[in-house]
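Per chain, numbering begins at 1; letters A, B, ... match sequence-line order. All of these numbers come straight from a predicted model, not from anything done at the bench.
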Amino acid sequence: MTVTADRETLRWVGVGALAFAGLTAAVILDAPGPLLVSVFAVAAGGLAAASRPPEVDLAIERAVSEQSPGPDQQTTVTVTVTNEGRGPATDLRILDGVPPALTVETGSPRHATALRAGESASFQYVLATRVGLHPFGPTTVLARDATGTHEREYEQMASGATELNVAPTLDARTTVPLRTQQTPYAGARTTDSGGSGVEFHATRDYQHGDPMSRIDWKRVARTGELTTVSFRQERAGSVVLVVDTRADSHVGATDSAVARSLEAAATTAGSLLDSGDRVGVATFGPGSAWLAPGSGPAHRARLREAFATDSAFAAAPIEDEDFLPWLARRRLRRRLSGGTQLVVFSPLLDPFMVESIRRYEAHGYPVTVISPDPTGRETTGQTLEAVERSLRLSRLRGAGVRVVDWGDEPFETTLVGASRRWSR
Amino acid sequence: MRRLLAVGVVVVAVGLVATVAPGVADFVPADGLSSLVGFLAVLGVIGGVTRRARADPDTPDLPTLETVAVEPPGSQFDEQVKTAATGETRRAGKDETAVRTRLREAAVQMLVREGHSETAANEQLRAGTWTDDPEAASFFVPKDSEIPQKLLAEARTDVKGRRSVRSLFAETTVFERSTERVVAVLDERLSETAAMGAGDVTDYGRPERGVGAAESERTDATVDAAESERTDATAGAAESERTDATTGTDGDERSDDGAAEGRP
């Protein structure tokens with residue numbers, strides 16, 4: 001329990017005026033009656049002056065209807081408050097620590113009550129779930145004494161459920177455009193090298209041993225020369241999804257950029273796994289998570305678990321003084337193996353991220369950036385952030401990095417638009 | 001305070017008893033005191049009412065619960081501008097430098113995007129020729145500069161004229177207003193260049209705001225001219241970007257540490 005503030009509500013300030021008004025009336029009218037009014041005023045003022053900030057001792061317990069619900073579902077949170085102190089708690093206002101990236105559907109996470117010693121009260125609210133690990137914050141309690149003069153505000157961690165683990169379903173039906181990159185594994189991504197496949201790649205002189213089916217017979221008939229047709233080879237991509245979870249990225253006009261990034265990363269992971277690519281995940285932020293690229297049902301399960309339970313995927317800012325961005329950048333680079341490409345989810349709010357992306361690109365890891373737009377245009381500072389972000393986006397594009405600027409529309413819509421532009 | 005309270009309690013107790021048994025309060029002289037008490041009581045009423053009127057309770061700053069608890073980035077800059085505008089403290093000076101540096105960087109980046117070299121961009125900022133807006137143009141001109149030309153002198157008088165009228169009504173300071181102007185000009189420039197399409201660098205994703213309006217106003221000839229100019233410019237810019245990238249790779253270990261500070 002940490003006391004945030006002890007403050008005076010100033011409810012009884014000026015009650016002295018009433019006392020003196022009664023006295024004045026009594027003197028002017030030369031009658032004792034009005035004096036009685038001032039007696040009550042003096043008594044009230046005296047009580048208020050003698051009161052102290054209340055010492056309350058509450059037990060707060062939180063229960064959720066389901067600890068690990070699926071995304072886009074509802075989960076009911078029940079908070080029970082018990083007065084464990086010896087005296088009554090005369091005026092309590094309780095605000096539960098709703099996870100910052102979630103919204104309340106019905107009910108209210110606020111409750112006002114008064115509790116006798118040993119008595120308890122409970123209230124419920126319903127949260128809409130979304131992908132990620134959602135830690136509950138501390139519960140804020142505002143307690144006032146009987147006269148209402150003093151108010152104590154303090155925070156207390158509730159017992160019981162402390163987080164919600166929402167695992168993605170990974171069954172997205174979108175196609176994520178990837179950069180051209182080869183892996184030795186068979187898959188659905190066309191590459192720039194010739195061989196067997198579907199899409200035409202090149203013709204070359206016939207060499208002994210080339211299969212008969214790939215000889216260009218029409219050309220043989222026309223000129224008598226033997227040529228062999230090669231097709232684009234199709235291979236699986238190896239992709240690492242990097243989510244920028246630094247404290248600065250927990251911003252947005254209406255929705256948290258990190259929460260949106262996590263959802264988009266889950267969608268991307270699902271669709272890439274479906275198309276036979278190898279997918280890994282990493283976070284760029286405190287407590288960096290890492291799951292090397294892989295495929296198959298076991299890997300799919302590992303991915304789902306990572307999104308739901310790894311604390312680095314928390315959709316709330318993590319306080320970490322020891323986090324060094326450049327160290328995280330180097331660590332991630334060492335973990336990458338050749339032939340891997342990156343899909344970075346970041347609101348791109350600082351030059352550091354731009355620099356990091358350009359370095360990964362220079363090291364031979366093709367990067368696609370998916371950038372949820374968190375900027376507003378209400379104040380000068382917000383407009384400047386929006387302008388700076390746009391400049392960063394165009395710098396990255398100038399350096400040959402694919403950037404998807406993701407506004408308020410659904411992620412799938414943005415992807416469709418981006419893929420259409422790139423396929424041209 | 002405690003003693004005063006005790007005296008109050010005793011007086012009230014005596015008063016209450018006196019209502020039942022009037023003989024208790026016989027020691028209080030009746031005539032002269034009552035008018036004095038009356039006068040003091042009027043002062044007390046005035047005092048009490050003023051205290052009530054001036055009371056400014058310290059209300060708790062409670063978190064957002066029902067919706068996603070986020071706000072758009074940019075509050076740091078707004079605060080810096082506010083601190084810098086307040087006055088002469090050391091903190092204000094530091095913040096002013098930070099604000100100026102950040103705006104200059106953004107302006108240089110904007111000019112580089114439009115196809116100027118970094119040196120040329122800095123030159124334009126110093127000379128105040130980077131924009132037509134007088135207030136924004138004069139923001140980057142050094143105070144001891146000898147450059148003030150005809151245009152700039154004009155701009156300054158213009159700004160002064162507007163300042164004096166506006167400052168009568170506005171609560172913002174000159175510094176706050178000029179930062180506002182610079183940002184507004186940058187924002188305008190951004191949507192303009194986005195509408196023209198920056199050469200071979202296509203802006204993927206969302207269409208920028210105001211594309212249709214800007215496009216329809218422009219005649220074909222100007223579009224062509226702007227297009228060709230832009231292509232040259234972006235080619236140059238891309239070239240310099242590439243050089244940057246390669247040097248960055250060569251000295252990676254060194255520059256890794258150099259960029260360690262990241263964002264302040």
If you count heavy-atom pairs under 4.5 Å with chain A, which of B/V183, B/L186, B/V11 comes out on top?
B/V183

Among B/P60, B/A106, B/A184, B/A69, residue most engaged with chain A (heavy-atom pairs, under 4.5 Å)
B/P60

So, taking the atom named CZ in B/R189 and the one named OG in A/S390, what distance separates them when rounded to the nearest 0.5 Å?
15.0 Å

With a 4.5 Å heavy-atom cut-off, do A/T103 and B/V68 have their side chains touching?
yes

Do we see a donor-acceptor contact under 3.5 Å between the side chains of B/D78 and A/T379?
yes

Tell me, please, which residues at least two apart from A/Y360 pass ring pair (Phe, Tyr, Trp, His ring centres under 6.0 Å).
none

What distance do B/L190 atom CG and A/E388 atom CD have between them, rounded to the nearest 0.5 Å?
11.5 Å

A/R110 and B/E66, any side-chain heavy atoms less than 4.5 Å apart
yes

Within the structure provided, determine whether B/L62 and A/E153 are in side-chain contact (heavy-atom separation under 4.5 Å).
yes

What distance separates B/L103 CG from A/L384 CG, expressed to the nearest 0.5 Å?
5.5 Å

Going from CG on B/L40 to OG1 on A/T24, what distance comes out if it is rounded to the nearest 0.5 angstrom?
10.0 Å

Distance, nearest 0.5 Å, that separates CD of A/E385 from OG of B/S75:
8.5 Å

Of all residues at least two apart in sequence or in a different chain, which pass the side chain to side chain contact (heavy atoms under 4.5 Å, CB included) check with A/F323?
A/R246, A/P286, A/D320, A/P325, A/A328

About how many Å separate CZ of B/R177 and OG1 of A/T380, when rounded to the nearest 0.5 Å?
12.0 Å

Are A/V387 and B/M110 packed together at the side-chain level, in the sense that at least one heavy-atom pair is separated by less than 4.5 angstrom?
yes

Tell me, please, which residues at least two apart from A/S38 pass side-chain hydrogen bond (donor to acceptor under 3.5 Å, both in side chains).
none

Where does A/T9 contact chain B at under 4.5 Å (heavy atoms): side chain, backbone, both or neither?
backbone

Are the side chains of A/V104 and B/L65 in touch, meaning some heavy atoms are under 4.5 Å apart?
no

Within residues 46-53 of chain B, the residues sitting under 4.5 Å from chain A by heavy atom, in sequence order, are B/G48, B/V49, B/R51, B/R52

